[in-house]
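Right, one structure below, let's go through it.
Residue numbers begin at 1 in each chain, while the letters A, B, ... track the order of the sequences. Small disclaimer: the values here were computed from a predicted structure and weren't measured.
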Number of protein chains: 2
Amino acid sequence: MKNSELSIHCQSCSFSHLCLPVSLNSDELDSLDDIIERKRPLHKHDYLLRANTPFRSLYAVRTGSFKSYVATADGQEQIVAFHLPGDLIGFDALSSNCYTSNTVALETAMVCELPYQTLNEVAERFPKLRNQIMSHMSAEIEQNHQMMMLLNKRTAQERLLHFLTHLAKRFTERGYSSKEFNLTMTRNEIGNYLGLTVETISRLLTRFQKEQLIKVDGKLISILDFDAMVMRSQGKFEHDNPTQRMVV
Amino acid sequence: MKNSELSIHCQSCSFSHLCLPVSLNSDELDSLDDIIERKRPLHKHDYLLRANTPFRSLYAVRTGSFKSYVATADGQEQIVAFHLPGDLIGFDALSSNCYTSNTVALETAMVCELPYQTLNEVAERFPKLRNQIMSHMSAEIEQNHQMMMLLNKRTAQERLLHFLTHLAKRFTERGYSSKEFNLTMTRNEIGNYLGLTVETISRLLTRFQKEQLIKVDGKLISILDFDAMVMRSQGKFEHDNPTQRMVV
DNA sequence: CGAGAAATTGAATCAATTCAATTTCGGTGG
DNA sequence: CCACCGAAATTGAATTGATTCAATTTCTCG
């Protein structure tokens, strides 16, 4: 089955500005389009890929959302990313030629499969595509650094506020409402990602609601005071005290 | 000045098996050698690169060690990596074309500078070199995931034991003694990296010494029971109790 | 509708931090 | 070579943010 029949085209994709196509011209886009493989939709809890299986393809999220996690030595899971449309998945596999994390759909979702060998051949002809791939990997490394900072230097409430505002920003980039959105992950998964327990997440959401920062209705979150949330996620303006945290 | 005069050659470098040269043939190595630029030695506390300065080059550590850190919103530092000979530095800059972290020498050190534009041109001709670069970036992402796991799921003592055994492994790969080595970073920097305080690091080192896992003599660490350390860094065999941590 | 999963809330606990006081180390200048 | 000074490290005591344990309540969806 040809891609054209499925209308999978980078040109018409509303997330192309976040994905590999950035900065590619028409010819380059066509070549990229040609290698994208069709995948049937995934449903909630379906695995897109599993750790320790051979690396074949990168994936771009088209619709829906995913979580990626690595297994700990004692079999627990550590979520390392939540993926939204336009995100690329699989960069952790290039070194060992095996995926090192597991990726699961958090809701019904579609992806574009990019067979890596073919992608590499196309990239041979288009330096810009190559740069695009490297740029995405670099951004992922940058992101991870910010995450280490968040986990090491921030309190529970700063972490959760950062998580919520960051999510809001990502929704904005994708043309969704940044004021009101549904969480596709559970409180448990948020806690796992942020190094906190479910109970802490729950208590904080209740607290933020009382403080008029957000409105919580189950999975539906409404952002009431984005700026205050960003401020407080950086440890500023705590308890109406406008002095910055002391730095040693 | 030509590189030959300075005897900087990948072929003769004892860390080439960890660095970009992996899997390159003689021709490819020569091309790589040609683009490596000489840098005068850096001394303790010298900056190799600074965040928010334009990205020009990647760097490979030849001798000595470095720390890389990102600045927090309130001006503190969060160390994101310690670099040993053979390590590549600068992958966080490809996306924004600016370095996003600061890299400082922890002792007298030498690096090979790899001007990125030239490297890219050479990589155009040698797919293996390209793959090598991507492979290193992928490995860095993988590493970061393990770090998130460590920070979110492990206790203070597990983190420090992991840090010490991981360092020992890296020394082994580089042909150094893995049983006895000097820490080039301070207790403070170890704590910063692991999300712990200096006091905690100090107390734990004392404890590990009492438990005959290591011998501590200032910066000199002797590994006495590597296997036990690895076990305990994964939460196993605590307090002579050979049952594994319960997993929910 | 009903059962299991997810979320909430309170109380008790604890691992690591903070605060505080020395001690030791490492480098510099006389 | 030693004395000195600031930085780094150690150790103890008190404190605390987040967890753990426990008990419901509220969703979700087959």
Q: Please lay out, stage by stage, how Phe82(A) and Tyr193(A) fare under the test ring pair (Phe, Tyr, Trp, His ring centres under 6.0 Å).
A: CA-CA 9 Å; Phe82(A) 292 112; Tyr193(A) 180 61; 5.1 Å; yes
Q) Between Phe171(A) and Phe181(A), what is the ring plane arrangement, given parallel below 30°, perpendicular above 60°, and tilted in between? A)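 Phe171(A) vs Phe181(A) ring planes: tilted.
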Check the distance between [N]'s [atom2] and [X]'s [atom1] and give it to me in whole angstrom.
{"X": "Asn152(B)", "N": "dA16(C)", "atom1": "CG", "atom2": "P", "result": "14 Å"}
{"X": "Leu194(B)", "N": "dT17(C)", "atom1": "CG", "atom2": "P", "result": "11 Å"}
{"X": "Lys153(A)", "N": "dT18(C)", "atom1": "NZ", "atom2": "P", "result": "10 Å"}
{"X": "Lys44(A)", "N": "dA6(C)", "atom1": "NZ", "atom2": "C1'", "result": "10 Å"}
{"X": "Leu183(A)", "N": "dA6(C)", "atom1": "CG", "atom2": "C1'", "result": "13 Å"}

Q) Would you say the side-chain atoms of Thr72(B) and Glu77(B) include a donor-acceptor pair closer than 3.5 Å? A)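 No pair is found: no donor N or O on one side chain lies under 3.5 Å from an acceptor on the other.
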**Q.** Under 4.0 Å protein heavy-atom contact, by nucleotide of nucleotides 5-20 of chain D - B base, S sugar-phosphate only
**A.** ----SBBBB----SBB
(Q) Quick check with a 6.0 Å cut-off and a 45 degree axis cone: is Arg50(A) positioned over the face of Tyr47(A)'s six-membered ring? (A)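 Positive - Arg50(A) is close enough to the ring of Tyr47(A) and near enough to its axis.
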Q.
Here's a test for you: under side chain to side chain contact (heavy atoms under 4.5 Å, CB included), which of Val104(A), Val111(A), Asp87(A) qualifies with Phe66(A)?
A.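 Per the side chain to side chain contact (heavy atoms under 4.5 Å, CB included) rule, the option paired with Phe66(A) is Val111(A), out of Val104(A), Val111(A), Asp87(A).
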Q) More than 12 non-hydrogen atoms from neighbouring residues, nucleotides or ligands closer than 6.0 Å to CZ on Arg56(B), yes or no? A)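 No, not enclosed.
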(Q) Please check if the number of heavy atoms outside Asp46(A) that lie under 6.0 Å from its CG is greater than 12. (A)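 For Asp46(A), atom CG is crowded (more than 12 foreign heavy atoms under 6.0 Å).
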Using atom names, set out every protein N or O paired with an N or O of nucleotides 1-3 of chain C below 3.5 Å, distance rounded to 0.1 Å.
none

Q: In sequence, state the C-alpha distance, the side-chain angles, and the governing distance for Glu199(A) and Leu204(A), and then conclude on side-chain contact (heavy atoms from CB on, under 4.5 Å).
A: CA-CA 9 Å; Glu199(A) 293 94 327; Leu204(A) 286 173; over 6 Å; no
